[in-house]
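Within every chain, numbering begins at 1; the chains are lettered A, B, ... in the order of the sequence lines, protein sequences first and strands thereafter.
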Protein chains: 2
Amino acid sequence: MENSNRSLYDCQKCMFKALSSRYMPPEDFELIRRTSVQLQFEKGETILKQGATSHQLVYLHKGVVKFNYRYETGKNYIMTIVSGPKLLGGTNLFFKETNIFSLVAMESCDVCLIDGKALRSVAQKHASFLLAMCERTTEMFQSSIFNFISMAHKQVNGRIADILIYLWEEVYKNNPDDFVLTRKEIAEFAACSHENVINTLSKFNKEGIITLEGKRIRINDFKKLHDISKRG
Amino acid sequence: MENSNRSLYDCQKCMFKALSSRYMPPEDFELIRRTSVQLQFEKGETILKQGATSHQLVYLHKGVVKFNYRYETGKNYIMTIVSGPKLLGGTNLFFKETNIFSLVAMESCDVCLIDGKALRSVAQKHASFLLAMCERTTEMFQSSIFNFISMAHKQVNGRIADILIYLWEEVYKNNPDDFVLTRKEIAEFAACSHENVINTLSKFNKEGIITLEGKRIRINDFKKLHDISKRG
DNA sequence: GATAAAACATGAATTATTTCAGCCTTTGAA
DNA sequence: TTCAAAGGCTGAAATAATTCATGTTTTATC
């Protein structure tokens, strides 16, 4: 983590700023901006740690992060993976001080940490802004609900198909070459052993549904993936 | 569903009214009350249907409801079970018009359907109220996240232990005799076959952890249940 | 370039889970 | 009271998933 004084990016180009400006005058946004800090996180770095208290809201400007839950046994579970630009608030951070999971950068990420107190005080002045923010974070939450349902109720074939579809359509859509999860990470996401992931992926590979090029996964047949997903 | 004109219960005793009163004058609450309707739902009745559009927030005054997700294949999954009094908003209803799951009464329920438009307009006037509501619905959401994690990552023993603990401590705490889920419902909650539920429960029964008295389940040894839950 | 660590891969043995077939019990309606 | 339907229960067979043992490839580091 590099605590730079210079700006990583221009606030004028930030979607959070754009959203805010619709609901408040510049001087109110200025309070938020002044109390915020821009940081860069490298691959593997923890942005927020599970169990720690945090008074900040994370705005992910650029990059991909995983929501990581760690059991006492040391096992990790990836709850979801998202790409910026996105406001990562809601359940973990927005209204709770203790993080229920960690946020970990999966590639180089530009992040803005927004002070919760300042945000709250501004939000109280501008209820429409608060409503809009709630809608955003609720949306993100909804998409992870579908992940959860899939993980809880489908077999490994269907779970992995769902994960591939999700990652492709929601996360790596615009830059599929960055799609480089390890088998272990896919296993932590799909809630199964990494051997099972490997076997399932090579089965998909043999059937021509995907192509494995080393780490990189190329999806050839979305229709079949959707079929597998539906079958469970 | 009995669309009675008379009041099922006195608004003065409602927790939602109590919450509201802390943040707004009586005349504003009156707008919410006027646009709301009290209804009684019998066991098995659907309060809100998955896929339908709804412009209302559900306040569960009394009773137990399940959050039911139905796949195209016709299979049902219970996402969570909650007891009143509780505001059932957030992900399903608060900010989305299409319900992503159904709400089904598991016993006789007193429910108040609050008009979303009226609520929104009042909420915009009183941002602290909106903030408080977000906190409530977020809390409920958090607890269901832990359910999901358990369902996705534990084996049937651990999942059923978790469900028993959850239902006991959060739902049927005050009236354990109402604890009458069918084995099929437990299976839909635990994401496994109902035979597996039956086998696991009779195993727990033989080990003295629980006692099966027909449909009723009595929990004897919470410590062992927690052990099983931890082991996974 | 050598080396160590991590990731990837495969198959066999073990364990977990579902499916199936059969039967008993309870419940509610005719 | 009878009957059908639904729920509960059990064990065996089939399927799915994990664990384990082993070896290869890739990646990072010195």
Side-chain angles (χ1 to χ4, degrees), chain A residues 42-45 66 71 73-78 104 106-107 150-164 179-207 210-218 228-229 231-232, chain B residues 42-44 71 73-78 106 150-164 179-207 210-218 228-229 231-232:
Chain A
E42 290 311 317
K43 181 176 174 161
E45 277 191 307
K66 58 181 174 184
Y71 277 105
T73 60
K75 275 195 178 175
N76 285 319
Y77 171 37
I78 297 177
V104 178
M106 296 187 69
E107 56 181 50
S150 165
M151 294 313 115
H153 293 285
K154 291 184 185 175
Q155 311 199 159
V156 169
N157 274 355
R159 298 210 292 265
I160 289 180
D162 276 340
I163 284 175
L164 292 178
F179 188 131
V180 280
L181 277 75
T182 67
R183 306 294 189 258
K184 188 160 160 283
E185 279 174 323
I186 296 176
E188 285 172 355
F189 201 173
C192 66
S193 68
H194 75 274
E195 289 94 336
N196 207 340
V197 171
I198 290 167
N199 287 333
T200 305
L201 286 181
S202 37
K203 201 174 61 190
F204 287 178
N205 189 22
K206 276 171 202 155
E207 292 168 9
I210 61 174
T211 305
L212 298 177
E213 298 170 351
K215 240 185 186 175
R216 193 162 297 141
I217 297 171
R218 208 168 289 282
I228 292 169
S229 160
R231 227 174 304 137
Chain B
E42 290 311 317
K43 179 175 177 166
Y71 277 107
T73 60
K75 277 196 179 176
N76 286 319
Y77 293 116
I78 296 177
M106 296 185 70
S150 163
M151 294 313 116
H153 282 85
K154 292 184 185 177
Q155 311 199 157
V156 170
N157 274 354
R159 299 211 291 266
I160 289 180
D162 276 341
I163 283 176
L164 291 178
F179 189 132
V180 281
L181 277 74
T182 66
R183 304 297 189 255
K184 185 158 161 287
E185 280 176 323
I186 297 177
E188 285 172 357
F189 201 175
C192 65
S193 68
H194 74 273
E195 289 94 335
N196 208 339
V197 170
I198 290 167
N199 287 332
T200 306
L201 286 181
S202 36
K203 204 173 60 189
F204 287 178
N205 189 21
K206 277 172 201 153
E207 292 169 8
I210 62 175
T211 305
L212 299 176
E213 300 170 350
K215 242 184 184 176
R216 192 162 297 140
I217 296 172
R218 207 168 289 283
I228 293 168
S229 160
R231 228 175 302 137

Worksheet item: Which residues in residues 154-162 of chain B have at least one heavy atom lying under 4.0 Å from any atom of DNA chain C?
Response: B:Gln155, B:Val156
Worksheet item: For A:Thr182, which contact category applies under a 4.0 Å heavy-atom criterion: base, sugar-phosphate, or nothing?
Response: sugar-phosphate
Worksheet entry | Opening and closing nucleotides of DNA chain D in contact with chain B, under 4.0 Å to non-hydrogen atoms | D:dG8 to D:dT10
Worksheet item: Atom CD1 of B:Ile198 and atom NZ of B:Lys184: how far apart are they, to the nearest 0.5 Å?
Response: 12.0 Å
Item to complete: Starting at CD1 of B:Ile210, measure out to CD1 of B:Ile160 and round the result to the nearest 0.5 Å.
Response: 9.0 Å
[X] and [Y]: which non-hydrogen atoms are nearest, and at how many Å?
X	Y	answer
A:Ile217	A:Phe179	CD1-CE2, 4.0 Å
A:Phe204	A:Asn157	CZ-O, 3.9 Å
B:Ile228	B:Ala161	CG2-CB, 3.9 Å

Discussion item. Would you say that more than 12 heavy atoms from the other residues, nucleotides or ligands in this model lie under 6.0 Å from the NZ of A:Lys203, or not?
Written reply: yes
Practice prompt. Please confirm whether the backbone N or O of B:Ala190 pairs with a side-chain atom of B:Arg159, one donor and one acceptor, at under 3.5 Å?
Written response: yes
Worksheet item: Do any N or O atoms from the side chain of B:Thr182 and from the backbone of B:Glu185 form a donor-acceptor pair under 3.5 angstrom?
Response: yes
Worksheet entry | Check: A:Tyr71 ring centre within less than 6.0 Å of A:Tyr77 ring centre | no
Discussion item. With heavy atoms of chain B within less than 4.0 Å as the criterion, where does contact along DNA chain C begin and end?
Written reply: C:dA16 to C:dC20
Worksheet item: Which comes earlier along DNA chain C counting from the 5' end, the contact point of A:Arg183 or that of B:Ala191, where each point is its nearest nucleotide?
Response: A:Arg183
